[in-house]
Amino acid sequence: MRILLVEDHRSLSEMIKEHLERSEFDVDAVSTAEDAIHYWRSTRYDGVVLDLGLPDGDGMGVLATLARGESEHAVPVVILTARDDLDSRLRGLNGGADDYLTKPFDMLELEARLRVIMRRPGLRKANVVSFGDLTYDVSSWEAKAGERSIDLAKKEFALLEELMRAAPGIVVKDRLEDRVYAFEPVTANAIEAIVYRVRRKLAAAGSTVRVETVRGIGYRMVLGADDAVVR
C-alpha cells in the first residue's frame, strides 16, 4: 500500500517513513503543501498522513484539495499535529480527515490507525471505473470501448485499471510496475511492452481513449488524439 507522508520535521518524517516501510508500506515523503498537492495529483495513494503545520501554508488547505477528489479516488487521511484542542480536532475531522493523532504519538498507534481506516467499507474502490468511452468492471474483469468488448490479459487489465483510476492524471512508471507486477521480478521495458499491447487493443476496439507517454515520468490516458510523447 502506498502512503503519502506530509511532514516538515525532517527527523520525525524519517522515523515515520522508516517504520511504515518496515511494516511493508510504500512511502513517499514530502515536506511542503505544494509538493503534497503535486504528488497527490500525479500518483494514486492508498492513504495520507498529513501534518497541519507546514512551512508554506496550513495543512487544512492540502486536506481541502484531497477532499475534493472523486469518490472512486477517495483516500483516508490521518492528521498529525501538535494542535490538541477540541476546535482543531473538529476542524480537521469536519474538513475531510478520517482520524486525528496528536504529537507526540507512538509509531505503532499511527500504523494501527492507518490500517483501520484503510479497511473501512466506504473507502473501497469503485467496482466499475470509466474514462471517455472506456468502462472496466473490476469484479467481472470486463473492459469495453462503448459496446465493444476488449480482450485483455491479466497484466493488461491491471495496467488499464491503474491508468483509468488516475485519468487524466499521470501514473509514474514505478507505480505501474508495483501494481502490475506486485512481488514478481520486472524485466527491462516490461511496462512498455504491456502499454504497447493495450494501445493496440484500444485502437482495434475503436476507442477514443489513448495511452500517452510522458517522457521520463510515466503514462496517462487522454481523449481523442493519437498517442504522443510529452517531453
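Counting begins at 1 with the first residue of the sequence.
Classified by interplanar angle (parallel below 30°, tilted 30° to 60°, perpendicular above 60°), the ring pair Phe157/Trp141 is perpendicular.
Here the straight-line distance linking atom CG of Leu80 with atom OG1 of Thr102 works out to 9.5 Å at 0.5 Å rounding. Between the OG1 atom of Thr208 and the CG atom of Leu202 there is a distance of 9.5 Å, given to the nearest 0.5 Å. Atom OG1 in Thr213 sits 10.5 Å away from atom NZ in Lys173 (nearest 0.5 Å). Between the CE atom in Met164 and the OH atom in Tyr136 there is a gap of 9.5 Å [rounded to 0.5 Å]. Met107 CE to Ile16 CD1: the interatomic distance, rounded to the nearest 0.5 Å, is 5.0 Å.
Sparse packing is recorded around OH of Tyr39, with 12 or fewer heavy atoms of other residues, nucleotides or ligands lying under 6.0 Å away. Residue His19 places its NE2 atom among more than 12 non-hydrogen atoms of other residues, nucleotides or ligands, all under 6.0 Å distant. The number of heavy-atom neighbours closer than 6.0 Å to CD of Glu14, taken from other residues, nucleotides and ligands shown, is above 12. In the displayed structure, Asp151 atom CG is contacted under 6.0 Å by at most 12 heavy atoms of other residues, nucleotides or ligands. Atom CZ of Arg10 is surrounded by 12 or fewer heavy atoms from other residues, nucleotides or ligands within 6.0 Å.
Although no hydrogens or angles enter the test, the distance criterion places no donor-acceptor pair under 3.5 Å between the side chain of Arg165 and the main chain of Val129. Checking side-chain atoms of Lys201 against main-chain N and O of Leu152 turns up no donor-acceptor pair under 3.5 Å.
Side-chain contact between Thr32 and His38: absent, with no pair of heavy atoms (C-beta onward) separated by less than 4.5 Å. No side-chain heavy atom of Asp98 sits less than 4.5 Å from a side-chain heavy atom of Val78. Residues Glu7 and Val49 fail the side-chain proximity criterion, which asks for heavy atoms closer than 4.5 Å. A heavy-atom distance below 4.5 Å is found between the side chains of Leu160 and Leu134. Between Arg220 and Pro168 the shortest side-chain heavy-atom distance does not fall below 4.5 Å. Inter-residue side-chain proximity for Leu20 and Leu114 is flagged as met; some heavy-atom pair is nearer than 4.5 Å. Within the 4.5 Å cutoff, no side-chain heavy atoms of Val62 are placed close to those of Trp40. You'll find the side chain of Arg115 reaches within 4.5 Å of the side chain of Phe25, heavy atoms only.
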Verdict with reasoning, Tyr45 to Asp28, per side chain to side chain contact (heavy atoms under 4.5 Å, CB included): CA-CA 9 Å; Tyr45 292 97; Asp28 289 335; 2.7 Å; yes
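The existence of a salt bridge linking Arg210 and Glu212 is excluded, since no basic side-chain nitrogen approaches an acidic carboxylate oxygen closer than 4.0 Å.
Listed here is the closest heavy atom pair of Val171 and Ala166: CG2-CB, 3.4 Å. Minimum heavy-atom separation, Asp133 to Ser207: OD1-OG, 2.8 Å. The shortest non-hydrogen separation linking Thr81 to Asp51 is CA-OD1, 4.1 Å. Contact between Thr135 and Ser130 at its shortest, heavy atoms only, is CG2-CB, 3.9 Å.
Among residues two or more places apart in sequence or in another chain, the salt bridge (Lys or Arg N to Asp or Glu O under 4.0 Å) test is passed with Arg113 by Asp99, Glu109.
Two different hydrophobic clusters hold Tyr196 and Ile150 under the rule that ILVMFWY side chains link at heavy-atom gaps under 4.5 Å.
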